[in-house]
Chemist: 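My questions all concern the structure below.
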Amino acid sequence: ALTEELPVDIKVNGAVLLEGFEFRSFTDALTLPEGPYRIEVGLADPLNPGSQPALIDVTVNLVSGESSTILAFLDDTGGITAGVFANNTEEPIRRRGFVSAAHTAYAPSVDLRVRRIDDANNVSLASVTNGLQGTGLFRTGVIGLDVVAAGTTTQVVGPVFLSVLPRSNMAIFVVGSLSNGTLEALTLTY
């Protein structure tokens with residue numbers, strides 16, 4: 001229900017961690033000890049960062065040794081929330097890269113289809129519900145992502161074409177709302 005251009009301030013355990021953070025942005029990696037973290041997200045206030053009421057107020061748990069992305073997104077009822085998505089840190093073999101895709105949009109179950117343009121070895125994650133993700137290994141080069149309503153051929157996102165780099169890990173997050181036509185894919189390579 002917010003204008004996507006509005007930046008936010010993000011507090012972690014009561015302290016402002018990010019000021020004026022914008023939609024579609026990712027931070028550089030942060031190292032945090034394991035344990036629970038209260039994440040509060042409110043509209044940015046340049047004069048008094050972190051002073052606005054929280055639009056998102058959730059507690060997430062981080063596990064020792066795990067690499068994760070914490071993402072704000074719309075849940076399956078259209079409410080705003082945040083969740084932890086594990087980053088695949090496995091080292092791909094040469095000329096290969098891992099691609100993870102997550103359903104983080106206000107939309108019913110979808111089929112996430114990630115395909116190499118010139119290869120029959122495709123990854124199709126069927127009937128993925130909000131908040132879930134899956135991973136596949138691909139040869140380097142161009143892949144296409146499209147999202148269809150579960151069990152149909154009705155395309156709701158894509159195709160989006162992305163480059164898989166050698167020995168890389170890429171996360172794709174499908175965000176937005178199907179009902180208002182704002183679905184899109186955000187990518188993070190790490």
Side-chain angles (χ1 to χ4, degrees), residues 1-4 23-26 39 41 55-56 58-61 63 66-90 92-93 95-190:
L2 298 174
T3 303
E4 66 184 45
F23 179 57
R24 297 184 185 88
S25 298
F26 291 97
I39 310 291
V41 180
L55 303 169
I56 299 173
V58 298
T59 298
V60 299
N61 286 301
V63 178
E66 180 180 70
S67 173
S68 302
T69 296
I70 300 173
L71 184 78
F73 61 97
L74 296 176
D75 66 19
D76 57 2
T77 66
I80 51 178
T81 189
V84 177
F85 295 86
N87 297 329
N88 181 10
T89 56
E90 187 177 344
I93 58 177
R95 293 194 304 246
R96 300 266 192 250
F98 283 109
V99 177
S100 300
H103 177 348
T104 53
Y106 177 39
S109 294
V110 297
D111 295 341
L112 298 171
R113 302 185 305 187
V114 182
R115 299 180 272 192
R116 232 188 97 80
I117 304 308
D118 60 351
D119 194 341
N121 296 326
N122 300 320
V123 174
S124 182
L125 307 171
S127 298
V128 179
T129 56
N130 183 280
L132 296 180
Q133 66 181 18
T135 300
L137 181 63
F138 290 86
R139 285 189 301 116
T140 55
V142 176
I143 60 168
L145 162 78
D146 67 344
V147 180
V148 298
T152 75
T153 57
T154 305
Q155 196 172 64
V156 293
V157 172
V160 177
F161 298 103
L162 305 163
S163 292
V164 176
L165 302 175
R167 296 189 174 182
S168 68
N169 289 277
M170 178 190 301
I172 303 169
F173 299 97
V174 177
V175 300
S177 169
L178 178 61
S179 64
N180 66 15
T182 60
L183 290 182
E184 64 179 284
L186 304 181
T187 61
L188 172 65
T189 300
Y190 51 93

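Only heavy atoms go into these numbers, but all of them, side chains included; no hydrogens, no water, no symmetry mates.
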Chemist: For the CG atom of Leu188 and the OG atom of Ser100, what is their distance to the nearest 0.5 Å?
Modeler: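 So the gap between those two atoms works out to 10.0 Å.
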Chemist: Would you compute the distance between atom OG1 of Thr135 and atom CG of Asn88 and round it to the nearest 0.5 angstrom?
Modeler: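 Reported value, rounded in 0.5 Å steps: 5.0 Å.
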Chemist: Would you name the heavy atoms of Leu183 and Gly176 that are closest together and state the gap between them?
Modeler: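 That closest heavy-atom pairing would be CD2-C, 3.7 Å.
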Chemist: Under 3.5 Å, is there a donor-acceptor pair between the side chain of Thr182 and the main chain of Ser177?
Modeler: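 At least one qualifying donor-acceptor pair exists.
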Chemist: Please check if the side chain of Asp111 supplies one atom and the backbone of Gly151 the other of a donor-acceptor pair under 3.5 Å.
Modeler: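 Judged by distance alone, yes, a pair lies under 3.5 Å.
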Chemist: Please, which pairs that meet ring pair (Phe, Tyr, Trp, His ring centres under 6.0 Å) have at least one residue in residues 169-190, sequence neighbours excluded?
Modeler: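 Qualifying pairs: Phe85-Phe173.
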Chemist: Asp76 side chain to Pro108 main-chain N or O, any donor-acceptor pair under 3.5 Å?
Modeler: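 Flag not set: sc Asp76 to bb Pro108 has no pair under 3.5 Å.
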Chemist: Applying side-chain hydrogen bond (donor to acceptor under 3.5 Å, both in side chains) as the test, list every pair that has at least one member in residues 158-167; sequence neighbours left out.
Modeler: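 Sorted pair list comes back empty.
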Chemist: Please find the pair of heavy atoms, one from His103 and one from Val128, that lie closest to each other, and give the distance.
Modeler: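 Scanning both residues completely, I find the closest heavy atoms to be CD2-O, 3.0 Å.
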Chemist: Provide the closest heavy-atom pair for Thr77 versus Tyr106 in the form atom of the first, atom of the second, distance.
Modeler: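 Looking at all heavy atoms of both residues, the shortest contact is C-CE1, 3.4 Å.
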Chemist: Roughly how far, to the nearest 0.5 Å, is OG1 of Thr140 from CZ of Arg96?
Modeler: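 Answer for the CZ-OG1 pair, Arg96 versus Thr140, is 8.0 Å.
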Chemist: Will you find, in the side chains of Asn87 and Thr89, an N or O donor that is under 3.5 Å from an N or O acceptor?
Modeler: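 Their side chains do not contain a donor-acceptor pair, so the 3.5 Å distance test is not met.
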Chemist: Search all heavy atoms of Gln155 against all heavy atoms of Asp146 and return the closest pair with its distance.
Modeler: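 Minimum heavy-atom contact is NE2-OD2, 3.0 Å.
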Chemist: Can you measure from OG1 (Thr187) to CG (Leu145) and round to the nearest 0.5 angstrom?
Modeler: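 Reported value, rounded in 0.5 Å steps: 10.0 Å.
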Chemist: Report the distance from atom OG1 of Thr81 to atom CD1 of Ile39, rounding to the nearest 0.5 Å.
Modeler: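 CD1 of Ile39 is found 11.0 Å from OG1 of Thr81.
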Chemist: Do Thr154 and Val148 have side chains that approach each other closer than 4.5 Å (heavy atoms only, starting at C-beta)?
Modeler: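 No, too far: nothing below the 4.5 Å cut-off.
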Chemist: Is there a side chain to side chain contact (heavy atoms under 4.5 Å, CB included) between Val157 and Glu184 once you walk through the steps?
Modeler: CA-CA 6 Å; Val157 172; Glu184 64 179 284; 5.8 Å; no
Chemist: Report yes or no: does Thr104 contribute a side-chain atom to a donor-acceptor pair with the main-chain N or O of Val174 at less than 3.5 Å?
Modeler: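 A pair under 3.5 Å: yes.
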Chemist: Please report the closest heavy-atom contact between Pro92 and Ser168, naming both atoms and the distance.
Modeler: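 In this case the closest contact between Pro92 and Ser168 is CG-O, 3.5 Å.
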Chemist: Where do Val147 and Val156 land on the side chain to side chain contact (heavy atoms under 4.5 Å, CB included) test, with the steps shown first?
Modeler: CA-CA 6 Å; Val147 180; Val156 293; 3.6 Å; yes
Chemist: With rounding to the nearest 0.5 angstrom, report the CG to CG distance, Asn169 to Leu137.
Modeler: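 Reported to 0.5 Å precision, the distance equals 9.5 Å.
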Chemist: Is a side-chain donor or acceptor of Asn130 paired with a backbone partner of Leu74 at a separation under 3.5 angstrom?
Modeler: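 Indeed, once roles are kept as given, a pair shorter than 3.5 Å links the two residues.
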